[in-house]
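First comes the structure, then the notes that go with it.
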Amino acid sequence: MSEPLRAVVVGVDIGTTSTKAVAYDIDGNQLVHHSVGYPLDEPHPGWAEQDPHRIHRAVLESIRRVVAELGRPIAGLAFSTAMHSLIGLDADGNPLTPSITWADSRASRQAERLRAVPSGLALHRRTGTPVHPMAPLPKLLWLAEQDPQLFGRVAYWVGIKDWILLRLCEALVTDHSVASATGLMDIRQFSWDSEALGVAGITEEQLPELVPTTTVLPGLTAEAAAATGLPPDTKVVVGAGDGPLANLGLGAVAPGVMACSIGTSGAMRVMVEHPGVDPLGGVFCYALTEQRWVVGGAINNGGLVLDWAGDALAPELGEHAEQELLAMAAEAPVGSGGLIMLPYLLSERAPHWSALPRGAYVGLTHGHRRAHLVRAGLEGVCQQLALVLASVRAAGNEVREIRASGGFARSPLWRQMLADVLGMPVRFPVEREGSSFGAALLGMEALRLLASVDVAADLVHIEETVRPDPAAAATYAALLPLFSQLYDALVPTFTSLRRLAPGLPPEPPPQ
């Protein structure tokens, strides 16, 4: 007699460059997955936006492919999303704007203006979201100032997942996790912040209804059911932001266990039981549930630094030259022969939360070669994450264990470098899609298939623990204060460069 089939939940992760749908059973086994990609449009320098309709089609297709290949009933869908997106809708729910993503920096001046007044840090500490152009609050200010006619036509302001759920389920809701990354929600009251709304020039009626991340929507529209191959009464769990869900997917759910990820960008997050931001505003604080929060910081420049090094320093290697570049970096010594790179190719986020900085090499001599330049870039990414770790600790949080994931984790060199720079052992779980798995686990709890997402720690298996090399760790510990001081030392230069930019030839477009 065969064993009964285990209940299955599909985690749907709406990411920056693709949507992934992954089916998991309640034992955490990945059964089927499918991904559909889409572009990040950059029509002007600093802009990074997407077509919401294209993302909607990607969501439908990824779910449909998984459902068809799985060939068995599912208990429900649960969603993860990239945070900080903003879309303006008309009264009928049709987009009037593209989806303006976290990577969009057009609101840099509005963010800096708001950060310069005392109420800026107060907003950060009350909403959990740094005052930075990534966040919807400065984006709303930019739209109000640059296109007041369009701004006045918008009936509702939503994020990309909010709009997808509106299309799938005819429910205009946003979860506490996504809302905690807008700069518009009071993270202690779980309500829209009246002062933030006043700054943005919008009303509570223009925002979706706030709901817990475990909220279950009763079913799909007839159109969505037909497009996905699911029954109309399929349960849909609203879900959360991809950062908090990545912690869940890595099993980093206990206090003191930090999740580190390096993909195109990077992040460090630790789960806590009470919301809070450090007095200097160096970290974010985003919700997962009413009892679970993540404190940490994101960096703009992760794996893209290696991509840049390939394009700029070794173009003859062609595309997909990661292994050759990593081998080149391994030829240089720890510390890159005294060469430091500030890897701010796309400005930066944590812990300074400023769009001003640019990348820089400092300490360059005639003896340095390409290997040193490439290695210094990788070291710079790890050193920036070390600054985030320090800020998380400065906010009063214990960090006793680090779990890491992302594309960088496939490189033994980068694994060891991260442990050496952080000065702590780093544990690498068996590779899986962290945010989609986190969404599925949250969905299982919401659908009462699991008693609690606490089981995540037991379902995630550690593949390798990398311990710091004492000599390398000592070198990086000596260099880290210099790396940190360079940001402050170069702020006047960054400011002057931006002031001069209109009179200079335009910066080259991203490759």
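Note that this is a predicted model, so its numbers are computed, not measured. Counting from 1, the numbers follow the sequence of the chain as shown.
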**Study point:** Intermediate values then yes/no, ring-ring contact (aromatic ring centres under 6.0 Å, His included), Trp157 and Phe151
**Key:** CA-CA 10 Å; Trp157 295 101; Phe151 189 83; 5.4 Å; yes
**Study point:** Worked check of side-chain hydrogen bond (donor to acceptor under 3.5 Å, both in side chains) between Thr16 and Trp102
**Key:** CA-CA 9 Å; Thr16 304; Trp102 65 267; 2.9 Å; yes
Review point. Given Arg106 and Glu49, is the salt bridge (charged side-chain N to carboxylate O under 4.0 Å, His left out) satisfied, shown in steps?
Key: CA-CA 11 Å; Arg106 72 184 75 176; Glu49 55 189 36; 2.8 Å; yes
Practice item. Using the side-chain hydrogen bond (donor to acceptor under 3.5 Å, both in side chains) rule, take Glu273 and Gln291 through it: C-alpha gap first, then chi angles, then the decisive distance, then the call. Key: CA-CA 6 Å; Glu273 296 174 349; Gln291 294 80 36; over 6 Å; no
Review point. Where do Val381 and Ile299 land on the side-chain contact (heavy atoms from CB on, under 4.5 Å) test, with the steps shown first?
Key: CA-CA 8 Å; Val381 171; Ile299 65 173; 4.1 Å; yes
Review point. Which is it for Glu464 and Arg415 under the side-chain contact (heavy atoms from CB on, under 4.5 Å) test, yes or no, and what are the steps along the way?
Key: CA-CA 10 Å; Glu464 182 186 8; Arg415 286 189 182 211; 2.5 Å; yes
Practice item. Kindly determine whether Val12 and Lys20 satisfy side-chain contact (heavy atoms from CB on, under 4.5 Å), including the steps that lead there. Key: CA-CA 6 Å; Val12 184; Lys20 304 179 188 74; over 6 Å; no
Practice item. Kindly indicate, with the supporting measurements, whether the criterion side-chain contact (heavy atoms from CB on, under 4.5 Å) is fulfilled by Val173 and Val238. Key: CA-CA 8 Å; Val173 298; Val238 172; 4.2 Å; yes
Point to revise | Derivation and outcome, salt bridge (charged side-chain N to carboxylate O under 4.0 Å, His left out), residues Asp90 and Arg153 | key: CA-CA 7 Å; Asp90 67 17; Arg153 289 167 49 210; over 6 Å; no
Exercise for review: Check the pair Arg410 / Glu322 against salt bridge (charged side-chain N to carboxylate O under 4.0 Å, His left out), numbers first and verdict last.
Suggested key: CA-CA 11 Å; Arg410 292 188 289 271; Glu322 292 86 355; over 6 Å; no
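Residues His84 and Thr182 fail the side-chain proximity criterion, which asks for heavy atoms closer than 4.5 Å. Residues Val392 and Val399 meet the side-chain proximity criterion, which asks for heavy atoms closer than 4.5 Å. Residues Ile160 and Thr81 have side chains in contact (heavy-atom distance under 4.5 Å, counting atoms from C-beta outward). Residues Thr465 and Phe428 fail the side-chain proximity criterion, which asks for heavy atoms closer than 4.5 Å. No side-chain heavy atom of Gln383 sits under 4.5 Å from any side-chain heavy atom of Leu387. Under the 4.5 Å side-chain criterion, counting only non-hydrogen atoms from C-beta, Thr289 is in contact with Leu442. For the pair Leu89/Leu166, a side-chain contact is recorded, criterion being any heavy-atom separation below 4.5 Å from C-beta on. Two residues are said to be in side-chain contact when any heavy atoms from C-beta on lie closer than 4.5 Å; Tyr156 and Glu205 fail this criterion.
Using modelled atom types, no side-chain atom of Thr215 and backbone atom of Val211 make a donor-acceptor pair closer than 3.5 Å. With Ser119 contributing its side chain and Ala122 its backbone, the two residues share no donor-acceptor pair below 3.5 Å. Gln110 contributes no side-chain N or O that, together with a main-chain N or O of Pro138, makes up a donor-acceptor pair within less than 3.5 Å. In this structure, Gln206 contributes its side chain and Thr203 its backbone to a donor-acceptor pair below 3.5 Å. For the pair Ser62 (side chain) and Ala58 (backbone), a donor-acceptor distance under 3.5 Å is present. Between the Asp193 side chain and the Leu123 main chain, no donor and acceptor come within less than 3.5 Å of each other. Counting only distance, with no hydrogens or angles, the side chain of His132 and the backbone of Met134 share a donor-acceptor pair below 3.5 Å. Remark: the backbone N or O of Leu288 is paired with a side-chain donor or acceptor of Thr213 at under 3.5 angstrom. At least one donor-acceptor pair closer than 3.5 Å links the side chain of Tyr38 to the backbone N or O of Ser18. Side-chain N or O atoms of Asn397 include none that pairs as donor or acceptor with a backbone N or O of Val295 at under 3.5 Å.
When all heavy atoms of Leu220 and Ala224 are compared, the closest pair comes out as CB-CB, 4.2 Å. For Leu346 against Asn300, the heavy-atom pair with the smallest separation is O-ND2, 2.7 Å. When all heavy atoms of Ala78 and Val9 are compared, the pair lying nearest together is CB-CG1, 4.3 Å. Pro429 and Ala404 make their closest contact through CD-O, 3.3 Å (heavy atoms, listed as atom of the first residue, atom of the second, distance). Contact record, Ala75 with Leu447: O-CD1, 3.7 Å, taken as the closest heavy-atom pair. Considering every non-hydrogen atom in both Val388 and Ala350, the closest pair reads CG2-CB, 3.8 Å.
Residues Asp454 and Arg292 are paired through a salt bridge, judged by an N-O separation under 4.0 Å between the basic side chain and the carboxylate. Using a cut-off of 4.0 Å between Lys/Arg side-chain N and Asp/Glu carboxylate O, Arg393 and Glu398 are scored as not salt-bridged. Using a 4.0 Å cut-off between charged nitrogen and carboxylate oxygen, Asp104 and Lys139 do not count as a salt-bridge pair. By the 4.0 Å N-to-carboxylate-O rule, Glu463 lies too far from Arg427 to be salt-bridged with it. Using a 4.0 Å cut-off between charged side-chain N and carboxylate O, Glu61 and Arg65 make a salt bridge.
Heavy-atom neighbours of Gln146 CD from other residues, nucleotides or ligands within 6.0 Å: above the threshold of 12. Within a 6.0 Å radius of CD in Glu290, more than 12 heavy atoms belonging to other residues, nucleotides or ligands are found. Counting heavy atoms of neighbouring residues, nucleotides and ligands inside a 6.0 Å radius, atom NE2 of His56 exceeds 12 of them. When the shell of 6.0 Å around CZ of Arg64 is examined, it contains more than 12 heavy atoms from other residues, nucleotides or ligands.
Between the CG atom in Asp242 and the OG atom in Ser435 there is a gap of 4.5 Å [rounded to 0.5 Å]. Between the CH2 atom of Trp293 and the CE atom of Met271 there is a distance of 12.0 Å, given to the nearest 0.5 Å. Note: Ile187 CD1 to Ser180 OG = 7.5 Å, rounded to the nearest 0.5 Å. In this structure, Trp192 CH2 and Thr127 OG1 are separated by 11.0 Å, a value rounded to the nearest 0.5 Å. Here the CG-CD1 distance, from Leu140 to Ile100, works out to 8.5 Å after rounding to the nearest 0.5 Å. Asp25 CG to Ile74 CD1: the interatomic distance, rounded to the nearest 0.5 Å, is 13.5 Å.
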Donor-acceptor contacts under 3.5 Å from residues 244-266 side chains, at least two apart:
from	atom 1	to	atom 2	distance (Å)
Asn247	OD1	Arg269	NE	2.8
Asn247	ND2	Ala252	O	3.4
Asn247	ND2	Arg269	O	3.2

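Remark: aromatic rings of His53 and Trp163 are close, center separation under 6.0 Å.
Of the N and O atoms on the side chains of Ser191 and Asp186, not one donor lies less than 3.5 Å from an acceptor on the other residue.
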